[in-house]
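Written out below as structure tokens is the structure these notes cover.
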Amino acid sequence: MIKRKFYLEKIVKLIDTEDIKVITGVRRCGKTVLLKQIIDELENRGIASENIIYMSFESSKYKNIRNDDDLDEFIFSKTNNLNGKIYLLFDEIQKVKNWEVSLNSYRVDLECDIYITGSNSQLLSGELATLISGRYISINMLPFSFKELIQYYDEMHEKIDEIKLFEQYLSYGGFPGLLNYENEEKEKYLYDLYSTIVLNDILYKNKVKDLDLLERLMEFMISNIGKLFSANSISKYIKNENRKTTPHTIINYMDYARNAFIFYQIKRENIKQKRKLLISDKYYLVDSGFYFIFNGSTQRNWSQLLENIVFLELIRQGYSITIGKIQDLEVDFVCRKANQIKYIQVSQSILDENTRKREFKSLEKISDSYPKYVISMDSFDFSANGIIHLNIIDFLKSENF
Ligand SMILES: Nc1ncnc2c1ncn2[C@@H]1O[C@H](COP(=O)(O)OP(=O)(O)OP(=O)(O)O)[C@@H](O)[C@H]1O
């Protein structure tokens, strides 16, 4: 197991703070392993193991703990005779009914520090969420980044060519569990994971009735990542296939998929007109592996994939992102962090002069002095009119873009 330093550093700073630490993220991105790494950190600090209580509600061991009363009975019996602070780590807490009531009472009645995980962004939006609102801090996890993939092979002492590794990352993405499998099995792993999310986290959880429509919508969105659409335009497209639907249904299904962390929805802004937000949005995937299962190796649109990978790295690095529109041109990403703005275009290659002109054109139209970049797979140094070219691998390897 590699240490997820990026997330651990954030969490370690929060140990012993009052807030409940909430770790969310798509299924199988590594939340359980991270909880175990937090436990290691607590033990390294000399905390007695009996004061650390880890419970995974996916495990049959706790199948009898179904609601807040069951959980309270268990926790109070376990902690009755303990001295000192107690560390509670609950994996997939949403399986326990009214869990918010329990956590709220532990905060008051026990000297404790609490960590929870969940794979749905609605974890903290149920009716009882107000009990802990304002008393938690959440950390959203993603599958492995390219840097973490390099770290993984380094720690395995496996020499691997960086370009080959990048190609592997482009195709299969960064779900950590994939690394236990060979190529053909990777596809199956991704497909099984995708199906579990669609069935359990979207269909059953939201009582979706039309599985066929849901599957068609997901396939459409995954194949069209990084393209502009609205619920109306998708609804029209799907109706053209002789299926019944409404924009309202499409909006609901897309929300469910976002809540399961499959997609990120990004707004579009007009850079010139006072940054006004526009109607249609873009969607990006939580991991490019899911693109692969629908688009195989032959039909892949590399620019789309690169854009998705750049997007993921930007949100990992804490940027908030919109898509930019300037006159009739698009700027792929407008990135904001701490009063700074950066503009980014992503292109497979800018070796061809016409492509280069096209990619630079929208950035050249922006008159402010914030930094502007074009990221591509090319590996030459190039800058013109204040626009800097970056190689994608260098970009992904940078600690602080
Ligand atoms: N840091 C890591 N290093 C190596 N492998 C990892 C790491 N983190 C996770 N994995 C592997 O990825 C898989 C999924 O990890 P994990 O169970 O922690 O994910 P999860 O987010 O808790 O999943 P779920 O939401 O389904 O409970 C496991 O096979 C695990 O071994």
Side-chain angles (χ1 to χ4, degrees), residues 1-12 21-42 44 54-63 65 88-96 99 115-124 138-158 160 165 168-169 172-183 185-205 256-263 285-290 312 316:
M1 295 290 153
I2 63 159
K3 271 202 174 185
R4 306 287 300 265
K5 287 183 237 152
F6 179 76
Y7 299 108
L8 272 173
E9 273 171 20
K10 287 187 181 183
I11 292 175
V12 162
K21 275 61 89 178
V22 181
I23 302 164
T24 56
V26 65
R27 255 178 205 257
R28 312 260 86 197
C29 69
K31 299 179 292 297
T32 302
V33 171
L34 186 72
L35 274 191
K36 302 258 167 82
Q37 295 179 349
I38 298 170
I39 294 176
D40 291 343
E41 176 65 31
L42 294 171
N44 285 341
Y54 167 77
M55 299 170 80
S56 167
F57 298 105
E58 282 203 318
S59 150
S60 56
K61 196 168 156 193
Y62 299 114
K63 66 176 186 299
I65 299 185
L88 300 171
L89 300 101
F90 298 139
D91 211 352
E92 299 291 339
I93 186 80
Q94 77 278 2
K95 300 231 146 122
V96 178
W99 58 271
Y115 301 78
I116 62 174
T117 74
S119 38
N120 193 291
S121 68
Q122 298 301 90
L123 179 70
L124 293 153
S138 57
I139 293 178
N140 183 234
M141 266 188 105
L142 286 167
F144 278 174
S145 64
F146 186 60
K147 278 193 286 281
E148 287 175 316
L149 210 53
I150 295 177
Q151 182 192 345
Y152 175 87
Y153 284 105
D154 271 355
E155 290 185 16
M156 300 278 286
H157 302 292
E158 257 183 68
I160 183 154
L165 190 62
Q168 176 188 322
Y169 185 61
Y172 298 114
F175 277 105
L178 272 182
L179 297 165
N180 305 323
Y181 297 97
E182 293 302 322
N183 284 1
E185 293 172 318
K186 283 188 164 86
E187 220 167 306
K188 184 174 176 329
Y189 179 94
L190 285 167
Y191 194 75
D192 288 349
L193 173 58
Y194 169 79
S195 306
T196 308
I197 298 175
V198 171
L199 288 178
N200 289 345
D201 303 338
I202 303 182
L203 185 100
Y204 294 138
K205 184 169 177 13
Y256 303 152
R258 266 194 310 133
N259 293 340
F261 296 110
I262 294 201
F263 296 108
L285 262 175
V286 68
D287 188 90
S288 39
F290 289 157
L312 292 174
R316 266 191 198 96

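When a ligand or atom number is given, it counts from 1 through the structure's own listing order. Remember, it's a predicted structure, so these values are computed and weren't measured experimentally.
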I need the nearest protein heavy-atom contact for [atom]: residue, atom name and distance, please.
atom: atom 5 (N) of ligand 1; result: M1 SD, 3.4 Å
atom: atom 16 (P) of ligand 1; result: G30 CA, 3.7 Å
atom: atom 26 (O) of ligand 1; result: R28 NE, 3.3 Å
atom: atom 20 (P) of ligand 1; result: K31 N, 3.4 Å
atom: atom 10 (N) of ligand 1; result: P176 CB, 3.4 Å
atom: atom 22 (O) of ligand 1; result: T32 OG1, 2.6 Å
atom: atom 12 (O) of ligand 1; result: G177 N, 3.2 Å

Could you tell me if the side chain of [Y] sits less than 4.5 Å from the side chain of [X], heavy atoms only?
X: M55; Y: I65; result: yes
X: V96; Y: F90; result: no
X: L285; Y: L312; result: no

Report yes if some N/O of [X] lies less than 3.5 Å from some N/O of ligand 1; otherwise report no.
X: E92; result: yes
X: D91; result: no
X: I2; result: yes

contact_flag [X] ligand 1 heavy-atom lt 4.0 Å:
X: K36; answer: no
X: F144; answer: yes
X: G25; answer: no

Backbone of [Y] reached by a side-chain donor or acceptor of [X] within 3.5 Å:
X: K31; Y: V26; value: yes
X: T117; Y: T24; value: no
X: D287; Y: G174; value: yes
X: K3; Y: Q37; value: no
X: Y7; Y: L142; value: yes

Study note, to complete from the structure: Within the 4.0 Å heavy-atom cut-off, what E58 brings close to ligand 1 is side chain
Exercise for review: Give the numbers and elements of all ligand 1 atoms closer than 4.0 Å to a heavy atom of R4.
Suggested key: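 Those qualifying, in numeric order: 1 (N).
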Review point. Near R27, which atoms of ligand 1 are under 4.0 Å from a heavy atom of that residue?
Key: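 Contacts of ligand 1 toward R27, numbered from 1: 25 (O), 26 (O).
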Point to revise | Distance under 6.0 Å and angle within 45° of ring axis: K186 vs Y181 | key: no
Practice item. Output yes when D40 and K36 qualify as a salt bridge under the 4.0 Å nitrogen-oxygen rule, no when they do not. Key: no
Practice item. Could you name the option among V33, V26, I23 that has the heavy atom nearest to atom 18 (O) of ligand 1? Key: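 That would be V33.
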Point to revise | Evaluation steps, ring-ring contact (aromatic ring centres under 6.0 Å, His included), between F175 and F290 | key: CA-CA 10 Å; F175 277 105; F290 289 157; 5.3 Å; yes
